Amino acid sequence: MSVRVHQGAHSAQGRREDNEDHTVSRPNEGIYVVADGTGGRASGQVAARMACESLVAELLEARGGEFEVSPKDRARIDQAVKNAHQKIRAAQTDSQHHGMATTLVIAIIGETRAHIAHVGDSRAYLCRDGRLQCLTRDHNLANYLADHPEVSPKVQRPGTTLMRALGMEAEAPQPEHRTIDLLADDVILLCSDGISGALPEWVLAELLSAVGPLSEQETAKSLARAAMAHGSMDNLTAQVLRIESETTQNLLRAPVPFGWLTFLEGPRRGEVITLGATNVIGSSAECQVRVEDSYAGRKHLQIHATEDGFALRDLGSTNGTFLNEVRVKEQALADADVIRIGGTKMVFKTFRAV
């Protein structure tokens with residue numbers, strides 16, 4: 001392989017009586033799986049474990065060599081999901097396991113690409129240069145109705161009811177697939193909805209941007225702790241994968257932007273703050289850049305690194321974020337831009353280091 005994967009995983013029951021999630025890591029083969037079982041207690045645990053173990057065993061037997069995400073490889077994943085589904089359905093004849101099912105998300109790391117497949121609402125995310133991207137789309141009732149406007153919902157507020165899961169239907173659910181090219185320092189997160197359903201994306205981005213200074217294992221634990229703090233009532237499982245280049249022939253490191261903010265007025269005039277990959281600005285002591293202004297929200301705005309430099313995003317503030325005296329929600333930043341929160345002004349400066 002042209003990449004080395006640094007991996008950490010953590011699974012916890014959270015506020016539930018039992019942990020119905022299951023996760024499997026096979027670093028030598030580049031296979032990583034998270035499953036979220038349903039059906040209560042032993043049933044959910046059994047379905048999640050059966051799905052993970054069956055899928056991994058079948059893929060390892062079928063792969064032979066390196067996984068290159070060809071149409072043939074996708075067909076192997078589809079068949080492995082189908083076989084795992086059938087095993088769960090067969091086990092449902094035991095009254096103790098009647099109605100059990102599970103979601104599934106899998107990442108397979110090849111030479112310069114990652115392949116993601118999923119069923120249900122367990123998710124995969126990519127964090128690149130502090131910018132978060134969800135790589136999956138939940139198979140739930142709300143999204144189904146969005147895709148089928150001709151269907152009239154029987155409830156006023158379609159929620160997160162699953163439309164696809166292994167063991168839930170007579171026919172095997174069809175996984176959705178996605179392949180991405182990898183860059184050095186990419187971070188991939190696989191997680192159950194106990195984490196993704198509780199944490200805002202800016203929190204996920206902030207925690208995943210800390211991988212490196214923090215280990216992948218500690219980051220996975222931090223995600224679970226943060227989800228609990230945000231009120232998650234579900235099981236909590238995360239796999240954190242950080243990509244490191246072993247060669248530069250096929251995998252190029254993205255240019256690294258460097259930026260800083262300088263306060264323009266008031267008692268902090270001239271104070272300079274260096275920007276990291278992700279920077280939350282607001283009145284809270286938890287923010288990387290704290291602004292003591294009555295118009296500043298607790299977490300007012302975010303400045304994050306991108307492949308092209310830095311970008312600003314308002315985090316839903318009440319009083320707004322102003323860039324060169326124009327109220328903005330999201331905007332790429334240019335050298336010498338002036339950011340204003342209430343009466344506080346900061347000038348943005350940058351250059352790029354390759």
Side-chain angles (χ1 to χ4, degrees), residues 5 7-10 21 23 32-36 69 77 102-109 113-147 158-165 173-183 185-211 216 219-220 222-224 226-227 230 232 234-243 254 277-278 280 299 302 304-307 311 313-316 329-330:
V5 180
Q7 178 267 346
H10 180 71
D21 291 354
T23 183
Y32 309 88
V33 192
V34 167
D36 181 357
V69 202
I77 294 174
T102 186
T103 68
L104 188 79
V105 60
I106 179 171
I108 302 178
I109 309 299
R113 295 182 293 173
H115 185 74
I116 309 294
H118 84 289
V119 174
D121 59 4
S122 291
R123 293 185 182 179
Y125 291 90
L126 170 67
C127 187
R128 176 176 291 169
D129 294 329
R131 185 79 176 211
L132 190 73
Q133 179 185 5
C134 187
L135 301 175
T136 55
R137 187 168 184 255
D138 295 347
H139 297 138
N140 58 26
L141 180 57
N143 284 335
Y144 176 84
L145 292 173
D147 294 338
T160 58
T161 302
L162 286 175
M163 297 299 290
R164 294 189 210 176
Q174 181 66 33
E176 286 193 33
H177 297 266
R178 182 162 186 171
T179 302
I180 61 169
D181 294 323
L182 293 171
L183 291 175
D185 298 327
D186 280 350
V187 177
I188 294 174
L189 168 67
L190 309 180
C191 64
S192 60
D193 67 333
I195 288 177
S196 60
L199 293 180
E201 288 198 350
W202 73 266
V203 175
L204 285 172
E206 185 174 358
L207 290 173
L208 293 176
S209 296
V211 176
E216 295 73 27
T219 300
S222 296
L223 287 162
H230 279 75
S232 179
D234 208 341
N235 300 143
L236 310 152
T237 298
Q239 282 248 30
V240 177
L241 315 174
R242 180 172 62 86
I243 306 301
T278 304
V280 178
K299 291 182 172 59
Q302 179 190 75
H304 54 270
T306 73
E307 294 180 10
R313 180 170 51 159
D314 186 275
L315 297 176
K329 290 186 177 180
E330 188 162 0

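FYI, side chains are in, hydrogens and waters are out, and symmetry mates aren't considered; it's all heavy atoms of this structure. These numbers were taken from a predicted model, which means no experiment stands behind them.
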Chemist: Check Ile109 against Ala114 and note the closest heavy-atom contact, atom names and distance.
Modeler: CD1-CB, 3.7 Å

Chemist: What distance separates Ile108 CD1 from Ile77 CD1, expressed to the nearest 0.5 Å?
Modeler: 4.0 Å

Chemist: Counting C-beta onward and ignoring hydrogens, is there a side-chain heavy-atom pair between Leu132 and Leu189 closer than 4.5 Å?
Modeler: no

Chemist: Evaluate the side chain to side chain contact (heavy atoms under 4.5 Å, CB included) criterion for residues Leu223 and Leu208: first the C-alpha distance (whole Å), next the side-chain angles of each, then the deciding distance (0.1 Å), finally the verdict.
Modeler: CA-CA 9 Å; Leu223 287 162; Leu208 293 176; 4.2 Å; yes

Chemist: Using the test side chain to side chain donor-acceptor pair (under 3.5 Å), find all partners of His304 that sit at least two apart in sequence or belong to another chain.
Modeler: Arg131, Gln302

Chemist: Would you name the heavy atoms of Gly130 and Ala205 that are closest together and state the gap between them?
Modeler: O-CB, 3.9 Å

Chemist: Can you tell me how far apart OH (Tyr32) and CG (Leu190) are? Round to the nearest 0.5 Å.
Modeler: 10.0 Å

Chemist: So do the side chains of Asp21 and Val34 get within less than 4.5 Å of each other, counting heavy atoms only?
Modeler: no

Chemist: Within the side chain of Thr103, is there an N or O that forms a donor-acceptor pair under 3.5 Å with the backbone of Ala35?
Modeler: no

Chemist: Can you see which heavy atom on Gly8 is nearest to which on Glu216, and at what distance?
Modeler: N-CB, 3.5 Å

Chemist: Could you measure the distance from the CD atom of Glu176 to the CG atom of Asp138? Nearest 0.5 Å is fine.
Modeler: 10.0 Å

Chemist: What distance do Leu135 atom CG and His118 atom NE2 have between them, rounded to the nearest 0.5 Å?
Modeler: 10.0 Å

Chemist: Hey, are the side chains of Asn140 and Asp121 touching, using non-hydrogen atoms and a 4.5 Å cut-off?
Modeler: no

Chemist: State, to 0.1 Å, how close Ala198 and His230 come at their nearest heavy-atom pair, and which atoms those are.
Modeler: O-CB, 3.6 Å

Chemist: Do Asp314 and Lys329 sit within salt-bridge range, that is, some charged N less than 4.0 Å from a carboxylate O?
Modeler: no

Chemist: Would you say the side chain of Asp186 lies within less than 4.5 Å of the side chain of Ile180, judging by non-hydrogen atoms?
Modeler: no

Chemist: Can you check whether Asp185 reaches Asp129 side chain to side chain, under 4.5 Å on heavy atoms?
Modeler: no

Chemist: What is the distance from atom OG1 of Thr278 to atom CG of Leu204, rounded to the nearest 0.5 Å?
Modeler: 11.0 Å

Chemist: Which atoms form the tightest heavy-atom contact between Ala9 and Ala220, and what is the distance?
Modeler: C-CB, 4.0 Å

Chemist: Grab the two heavy atoms, one from Arg164 and one from Pro173, that are nearest each other, plus how far apart they are.
Modeler: CB-CB, 4.2 Å

Chemist: Do Leu104 and Val33 come within less than 4.5 Å of each other through their side chains, counting heavy atoms only?
Modeler: yes

Chemist: For Ala124, is there any backbone N or O sitting under 3.5 Å from a side-chain donor or acceptor partner on Thr136?
Modeler: yes

Chemist: Quick check for you: to the nearest 0.5 Å, what is the distance between Ile116 atom CD1 and Ile106 atom CD1?
Modeler: 9.0 Å

Chemist: Between Asp36 and Ser192, is any side-chain donor less than 3.5 angstrom from a side-chain acceptor?
Modeler: no

Chemist: Decide yes or no for Asp147 and Arg137: does some side-chain heavy atom of the first lie under 4.5 Å from some side-chain heavy atom of the second?
Modeler: yes

